[in-house]
Amino acid sequence: MRRSDGAPRGVSPALVVAVARTVPWRAVGAGAVMGLLVVGLPRLLSGTLDAWLGLTLLRAAALVFALGLTFLLDDPTRELTTPVPTRRWVRTGLRVALVAPVAALWWTAVLALLPRPARPPLGAITLEAAATAALALAAAAAAVRFTDEPRPGPSVAAALLTLALLAPHLLPSRWDLFVLVGEPGWDVAHVRWAVVLAGAVVLGAACAVEPLRGLRSRLVS
């Protein structure tokens, strides 16, 4: 529902400012800077990049940025903010909305750092990056939903990094996600990436809902 001024119910400028102050910008910024370095340094050192290296660098940059996003829902004041009238999904959605433009600008800069011959198909690699980011946010939302840890970011980042390192070796060939450009399974692999993206969005949205015990305590109070 929306208020008479067109803004979503429960969202006010004061709330946006309050949420923005709790966003761990340093962690997100560190992931962004490291991602830019991952793509930029090899070009400065070698001078030439081929398609295989370009794809590898973009995947690595997307992972590094996603590791920074795992800290997005960290909130040292979580125990104090749980009882407030604003729903958790609103606060979580605001955090994501605040970071989304930054992520879009960052990804544009990352793509611009690669020379055109080294760039994989932009739509496909952007889908991979979006799915990786969504998976990081979904994991962070699940940690917030099912644990009482106010700062689950380090644990989630470690889990995501471990998953990223093991997935290419553990996934069966028929479910391979990390296909090279030009290989027969490229298009099919990105159908799987789309499934990963959709699943991560659904999981993240489900975990952003207020816990039942929180609703009960709110009703009792």
Side-chain angles (χ1 to χ4, degrees), residues 16-46 49 53-78 81 88 91-114 118-120 122 125-145 147 149-168 178 193 196-197 200-201 203-204 207-208:
V16 173
V17 171
V19 171
R21 288 177 177 173
T22 64
V23 172
W25 293 109
R26 289 185 180 180
V28 176
V33 171
M34 291 301 298
L36 290 171
L37 291 175
V38 165
V39 175
L41 281 181
R43 182 180 181 182
L44 293 175
L45 295 176
S46 64
L49 292 173
L53 184 56
L55 175 62
T56 302
L57 291 176
L58 288 178
R59 285 173 171 170
L63 174 60
V64 171
F65 185 69
L67 292 176
L69 290 180
T70 60
F71 294 82
L72 183 61
L73 303 186
D74 284 11
D75 185 0
T77 64
R78 177 180 169 191
T81 58
R88 175 181 293 175
R91 303 194 304 270
T92 300
L94 275 176
R95 285 175 177 246
V96 175
L98 287 168
V99 171
V102 176
L105 289 173
W106 170 82
W107 184 244
T108 301
V110 166
L111 294 176
L113 283 175
L114 280 181
R119 294 177 195 166
L122 298 185
I125 192 61
T126 300
L127 173 61
E128 291 188 24
T132 305
L135 190 60
L137 293 173
V144 171
R145 176 67 174 81
T147 73
E149 174 58 48
R151 294 180 177 177
S155 300
V156 177
L160 180 64
L161 179 59
T162 301
L163 177 64
L165 294 176
L166 294 180
F178 304 97
W193 277 110
V196 172
L197 174 59
V201 170
L203 175 61
C207 290

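Owing to the predicted nature of the structure, the values given are computational and were not obtained by experimental measurement. For this chain, numbers begin at 1 and follow the sequence in order.
For W25 and F71, the gap between ring centers reaches or exceeds 6.0 Å.
L63 pairs in a side chain to side chain contact (heavy atoms under 4.5 Å, CB included) with only one of the listed residues (L161, V38, L165), which is L161.
When every heavy atom of L58 is checked against every heavy atom of P120, the shortest pair comes out as CD1-CD, 3.5 Å. Between V110 and A61, the shortest heavy-atom distance links the atoms CG1-CB, 4.4 Å. In terms of heavy-atom proximity, G204 sits nearest to A141 at O-CB, 4.1 Å. Taking each heavy atom of A136 and A66 in turn, the nearest pair found is CB-O, 3.4 Å. Minimum heavy-atom separation, A140 to T70: CB-O, 3.7 Å. The heavy-atom pair separating L37 from P42 by the smallest distance is O-CD, 3.9 Å.
Within the model, atoms CG of L122 and CG of L111 stand 5.5 Å from one another, a figure rounded to the nearest 0.5 Å. Put simply, CZ on R119 and CG on L57 are 13.0 Å apart, with the number rounded to the nearest 0.5 Å. The distance from atom CG of L135 to atom CG of L203, rounded to the nearest 0.5 Å, is 8.5 Å. Here the CZ-CG distance, from R145 to L73, works out to 13.5 Å after rounding to the nearest 0.5 Å. From R95, atom CZ reaches atom OG1 of T22 across 3.5 Å, with rounding to the nearest 0.5 Å.
By the 4.5 Å heavy-atom criterion applied to side chains, P152 and D74 are counted as neighbours. You'll find the side chain of W106 stays beyond 4.5 Å of the side chain of V99, heavy atoms only.
A donor and an acceptor atom, one from each side chain of T132 and R59, are nowhere located under 3.5 Å apart.
Classification of the W193-F178 ring pair by plane angle, with boundaries at 30° and 60°, yields perpendicular.
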